[in-house]
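One structure below.
In the text below, chain A, chain B and the rest are named by the order of the sequence lines, each starting its count at 1.
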Amino acid sequence: EPTATKEEQQPIPPPDGGWGWMIVLHFFLVNMLVMGMLKTFGIFFVVLQEEVGGSSEQISWIGSIMSSLRFSAGPLVTIACGKLGDQLTSIIGAGLVSSGCLISTQATSISFLCVSMGLLLGLGFACLYQAAAVMTARYFKKRLALSNAIARSGMGLTFILAPFTQLLIDFYGWQGTLLIFGGIMLNLVPSSMLLRPINTKNLQDFSGRNVDSGSLTQSKPPATLTSHLDEISTTETQVNNRLENAAGLESPVPCRQPLLDFSLLKDPFFCIFAWSFLFSQLAYFIPTFHLAARAKTLGIDSMDASYLISVAGIIEAVSQLLSGWIADQNWIKKYHYHKTYLILCGITNLLGPLATSFPLLMVYTVSFAIFCGGYLALLLPVLVDLVGVPRLHSSLGFASFFAGIAAIAGPPIAGWLYDYTQTYAYSFFFAGTCYLIAPISFFFEPSVHKWKLRKEEELNKVST
Amino acid sequence: EPAPVPRAGWAPTRPPALTVESGGRRRCVTPAQQPGTGGVSLQRYCSCPARTMRGSGSGAGSLRLLLSLAALWLSDANEPGTAMTTRDINQQTRKSISDYTVKEHDLSTPGSHLTTQDFNQQTEENISNLTSAVYSISINGFSSAPVEENVILYSPANIALSCNLTSPSTDSATVNVTWKKDNETLRSSSVTFNETKHVWSTQYMLKIRDRNQMGNYTCVFKRDQEVKATFHLQVPQIEGKEHHVVSYVGDSVVLVCKSIKYIPISWIWYMSNGSDQVAVNDSLMPDKYTVDEKYANITKLKILKISEEDDRSYWCQAVFKLGESKGKVSLKVLTYMTPLKPFLAIAAEVIILVAIIFLYEMYSKKKQMHAEDEKEFEQIEQLKSEDSNGVENSTTRHRKV
């Protein structure tokens, strides 16, 4: 029997380095370009209003569709990754994004742009983002938080993209700019090719026993829940390897597991994460949206306001790196850090309205950026800790779907709050409250943990 | 189209000494009307910015009427001028005629006429509608630099320009005040001068009715030194776009000019032709230029089928009762090749990267397969050698035994 194919199939431990850094590079590029495009949409907004016509409400639909579809298309991307593999999905995503940009140059009306720019770009972003996130989780275990943070620091570079976009628009008009953007996004195709498929096993390998039994049910209750999850993942990957035939670079498809695991929705760990993700996402956009506006109402001029925003971006990126590194040291469980950052974010936002001058506003911005960066870097590692790598695609898909709902709802709620109260203070109160509600679910984690252990014991008693 | 000219036969309350015989019809031209189209309805009044109806001296009045009628006759003799000149003259004529409390008679529907009472009422309303405003400048001391202020007017108004000079010195020498318009000293009939303790203030009353009264008005205080303050009376400035509008060959573009606070009477577009400006005639070339005037304070010039020749500057001119002002919008025309070149450069770079990565993957896969083949080979060799050793051992054993 040839050993070549068997070696390819045989699970190897997550590299935590090596080719993994190429994956981090790709994820970095994705973050930079995707978030860059989303953030510079504001500049296109102004230009489109002048040239294509249409009311500001119609044009803001394009931006809303783009940013909400980037999340809500999560389940769809999960299925695509399941059927086609992460690499191909990512390449398709890059193709969608650049073709969306190219088609938009021929746009003649706002509804055309809604489809070409909103729909295609949103779908493409979702494909790119999810595939990259899951691949990072596959390649890194011990250093997941740090590598995730390094990749996310790409978002901090988006503030360069804004003046660059303005320059392009002044030179080439919005159509020429979109053409060039299409070309830049095309760079994501070769970087997607870096997503070499890998099947990983986790450190605790209970091979032999479970594989021979041939079923996916849990057998012996292990010491901790996380190692239990590792066992399930190992079992699944090994069974899949046996069931699957050699096919070169094909990534293993979990045959016994459905592509979109709806049972996740009943899993309390997923619910814990989804709750906190939903509320934190609801609250995230509001301070970023309203910071510039609040600075204006306080009489701070727009140059200083944009200075505030760029400072916030840089500090957020640095804070993400630090938070990722600290979390990887494994002094305490990652979700404790996540909880703390969320609570601190909430308190900062509740105190936000007290900032009535430029230095105070700077203090608020800096502290918000630090805590925000802290919790953002830990989103992926905490999810991996809660549900494990094999079900990561499904859980990320569903969590993104819920986040997409929050992303659509967030800015309009904030706008409505401002219209109703005629002051931005209430938006900050709302954001602070949401940030304080978000970590509540994490306080239930120990009890859910114990509940699950009890359930395992009962099942084992039944089976033995 | 025939220029509107006064026609014989209208009957004011105080009949003028002469009538003017000529063709055409005379009416109060409002911007929405095209000259030469059908008659004005009976109910349309002219919102004529009328002066006081008390009459300002019949002698001067009749001279003015003669002059304006002469001007009209002359204009009739010329070719039909642009809409603007006709409007000016109409304005003049209206004013001079209104001095006689005449009524506006529309000859298109013979037999109909406005009663004097109606017209008086209308004109009285017009008087009270005029804005009155006071603009003042304060000067501190004789040694301060000349002060300037912009006064923006767009319709006739009664204004008062006031200069206040505060001088700390207790020198009680007399201060001479003069008012100048564009460096011409004005007669001081509408100037008042007030001297209280160390504050000399002077006020100049103006009734702005036409564009000739716009300009720079300077108050000069003179003692041993001279100090000035200038009021620049001007029509509202129209802002064009500082940055050029970019468009592509074969596409269409809309150039927009706005006048937010002040509503002009009409807009005219010009385009630059070499060093001078040529009016854009949208009725001559309707499939190239379209002017959209849905709202009075926004004008949009739509240029279709853009070619490289359209790469020039365009001016939108807003016409106010007291003058005009222009805003500049420049159009830059690019061909599709301009952004296409960077795009093709980037696409080429992407293809090269894809090729490199693909080749690298193939290379590393081959290396892996070679390494595995070698391992396999070694394993087989090992098995073979174990086998052969075993056989040898058995034979040796056999032999030994």
note = When the 4.5 angstrom heavy-atom criterion is applied to A:Leu188 and chain B, the contacting part is neither
query = Going through the checks in order, is the side-chain contact (heavy atoms from CB on, under 4.5 Å) test met by A:Leu186 and B:Ile346?
reply = CA-CA 8 Å; A:Leu186 212 52; B:Ile346 298 176; 5.7 Å; no
Measure distances from [X] to the heavy atoms of chain A and classify the residue's part below 4.5 Å as side chain, backbone, both or neither.
X	result
B:Ser252	neither
B:Lys241	side chain
B:Val354	both
B:Ile351	neither
B:Phe358	both

Can you establish whether the number of heavy atoms outside [X] located under 6.0 Å from its atom [atom1] is more than 12?
X	atom1	value
B:Glu239	CD	no
B:Met337	CE	yes
B:Lys328	NZ	no
B:Glu309	CD	no
B:Lys288	NZ	yes
B:Tyr336	OH	yes

query = What are the two closest non-hydrogen atoms of A:Gly176 and B:Pro339, and how far apart are they?
reply = CA-CB, 3.7 Å
message = For a quick test of reading the model, state the closest non-hydrogen atom pair linking A:Phe171 to B:Lys332 and the distance between them.
response = O-NZ, 3.8 Å
task = Can you measure from CG (A:Leu194) to CD1 (B:Ile357) and round to the nearest 0.5 angstrom?
result = 4.0 Å
ask   = Going from CZ on B:Phe343 to SG on A:Cys101, what distance comes out if it is rounded to the nearest 0.5 angstrom?
value = 10.0 Å
task = Would you check if A:Arg196 and B:Ser364 make a side-chain contact, meaning some heavy-atom pair closer than 4.5 Å?
result = yes
task = Could you check if a side-chain atom of A:Met193 sits within less than 4.5 angstrom of a side-chain atom of B:Leu353, using non-hydrogen atoms only?
result = no
key: Options A:Thr105, A:Ile180, A:Asp170, A:Thr177, ranked by heavy-atom pairs under 4.5 Å with chain B, top entry   = A:Asp170
ask   = Taking the side chain from A:Tyr172 and the backbone from B:Val246, do they hold a donor-acceptor pair closer than 3.5 Å?
value = no
